[in-house]
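Here's the structure, in structure tokens; my notes come after.
Read the numbers this way: they start at 1 and go in the same order the structure lists the ligands and their atoms. Throughout, residue positions are numbered sequentially from 1 according to the sequence presented.
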Amino acid sequence: MTSTPVRTRIAPSPTGDPHVGTAYMALFNWVFARHHGGQFVLRIEDTDQARSTAESEQAIYDALNWLGLDWDEGPNVGGDHGPYRQSERKSTYQTHVQQLLDDGNAFYCFCTKERLDAVRAEQQASKQTTRYDGHCCHLEANEVARRRADGEAHVVRMRVPEAGECTFTDRLRGDITIPFSQIDMQVLVKADGMPTYHLAVVVDDHLMGISHILRGEEWLNSVPKHKLLYEYFGWPMPKLIHLPLLRNPDQSKLSKRKNPTSVTYYRDMGYLPEALTNYLSMMGWSMPNEAEIFSRQEMVEAFDIDRMTTGGPIFDQTKLSWLNGQYLRRLDASEYAQRVQDWMLNADKLAQLVPLVQERAERLSDLLPLVNYLMGNLGELTEEDFSHKSLQRPEVLAILHHTLSAFDDMRQWQREDLFTLCQQLAGAMELKFRDFLFPLFIATSGRAVSLPLFDSWMFLGADLSRARLRGALDALGASNKERKRLDKAYQALLPLSSGH
Ligand code: GLU
């Protein structure tokens with residue numbers, strides 16, 4: 001046991017689908033807290049008001065609940081350190097930024113976007129680190145007061161020493177040193193008065209009594225800014241544990257472009273939550289006895305941070321499916337039946353399907369053949385399946401590729417947006433709408449005549465729909481060269497205006 005109470009947290013942003021990366025962070029924070037008899041806090045980072053949505057916040061709760069990772073404090077359960085939504089903590093950030101300004105550790109900056117762009121371009125041209133050049137750093141107090149009184153747009157930036165370096169310790173990597181010359185005078189408060197992540201994360205982690213920060217390694221470079229802020233406030237910094245990022249099988253950072261990344265996808269495909277958490281446990285960690293199949297509780301008991309590695313773990317669906325199969329075989333028949341019911345054979349899911357099939361069925365038994373592609377994987381598709389009277393292979397590839405690219409860029413998954421998007425793409429590609437939709441029907445349902453395409457996509461959700469289009473491109477044997485060319489062609493079609 002450590003002497004201070006162990007308190008960990010995750011701080012996901014409620015934008016888009018709940019990501020497996022969030023589940024991964026949640027798992028390790030949860031295990032770490034439970035192992036040490038501490039608490040696990042859920043904080044919602046919704047300072048980006050334009051992108052944050054209530055549905056996305058709810059989807060985070062649903063995903064964590066499904067995975068069985070319970071939190072002790074959070075927006076929906078309360079706690080002594082609330083509010084737990086950053087959008088509700090504005091006055092706290094204001095008080096703290098005022099303190100930094102009063103102490104001379106932060107300053108008002110009036111630089112325009114044009115000026116900042118020009119500075120960046122110059123720095124890039126002379127191969128320097130791109131960062132704020134300190135233009136407003138030493139403005140006289142009366143000038144600042146006058147310009148603020150005149151209503152001139154401004155942000156607040158933190159001061160960064162001109163010389164020297166910052167050394168901090170990451171529990172998995174040891175001491176890391178970064179010269180201050182590489183650290184930007186970070187914006188702490190945006191022109192709209194909202195705090196940036198860097199201010200909010202420091203203030204919240206301190207006020208919420210967080211003892212250990214376990215988060216993704218992409219934040220390592222931000223630590224010097226955070227450490228300075230802790231010093232300016234005179235607060236001790238929590239211990240840092242930066243976990244390796246999950247990777248696609250080709251070693252690139254796990255991304256929805258290449259892999260389904262939403263927890264919802266794995267739930268809807270019929271993975272068991274305990275298999276998914278078991279699999280995520282093995283991303284950078286292993287049991288002392290090297291067991292591959294173990295429960296969350298066994299992990300909590302055996303957890304030892306020294307068994308973590310920093311090499312990028314590969315999130316491989318084939319391996320996950322194997323593991324899931326092992327879990328399925330261990331269920332007794334009644335439990336198995338219960339899981340199938342929880343998954344999709346239940347009244348709620350049927351209620352979503354009935355409106356789609358009622359008009360089309362002649363017997364109740366027509367239900368399954370009509371909806372099977374919505375409930376399970378498609379069989380293997382072949383190039384033959386895509387043959388069409390007026391579309392040639394290059395057009396078919398382009399339709400699938402461009403629609404997939406546009407799906408990747410979508411922030412919300414709404415029927416009308418999907419429809420408009422397809423209309424725009426068909427228009428931009430000078431194809432008849434009907435013809436344009438044909439390969440998408442095949443890719444999604446495996447057949448040319450199926451339930452309405454847009455309803456199917458809504459039922460499947462973004463990740464599963466994307467997976468179908470990716471599968472079709474693979475079935476057609478799209479080569480890397482073809483894909484590169486298609487990327488360029490898609491860029492040339494932009495911008496598409498709706499749903500982005
Ligand atoms: N919102 C950030 C993220 O989800 C939080 C990073 C952190 O844990 O400090 O990546």
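Of the listed residues (Arg9, Met25, His198), the one carrying the non-hydrogen atom nearest atom 8 (O) of ligand 1 is Arg9.
Note: no N/O pair closer than 3.5 Å links Pro12 and ligand 1 by distance alone. Annotation: Glu218 places no N or O atom under 3.5 Å from an N or O atom of ligand 1; distance criterion only.
Remark: minimum distance from atom 9 (O) of ligand 1 to any protein heavy atom is reached at Tyr197 OH, 2.5 Å. Looking only at protein heavy atoms, the nearest one to atom 10 (O) of ligand 1 is Trp219 NE1, 3.3 Å. Among protein heavy atoms, atom 5 (C) of ligand 1 sits closest to Ala11 O, 3.4 Å.
Using a 4.0 Å cut-off between charged nitrogen and carboxylate oxygen, Arg483 and Asp487 do not count as a salt-bridge pair. Salt bridge status for Glu45 with Arg9: absent, with no side-chain N to carboxylate O gap under 4.0 Å. Between Arg7 and Glu73, at least one side-chain nitrogen of the basic residue sits less than 4.0 Å from a carboxylate oxygen of the acidic one, meeting the salt-bridge criterion.
The aromatic rings of Trp285 and Phe303 lie parallel to each other, their planes meeting at an angle below 30°, with 60° marking the opposite boundary. Below 30°, between 30° and 60°, or above 60°: for Tyr197 and Trp219 the angle between ring planes is between 30° and 60°, a tilted geometry. The aromatic rings of Trp235 and His206 sit parallel, their planes meeting at an angle under 30°, below the 60° perpendicular limit.
Against a heavy-atom cut-off of under 4.0 Å, Ser13 is close to the following atoms of ligand 1: 1 (N). In the vicinity of Glu45, heavy-atom distances shorter than 4.0 Å reach the ligand 1 atoms 1 (N), 2 (C), 5 (C). Atoms of ligand 1 lying under 4.0 Å from any heavy atom of Val201, numbered from 1 in the order shown and given with element: 9 (O).
Atom CZ of Arg296 and atom CG of Leu280 lie 11.0 Å apart (nearest 0.5 Å).
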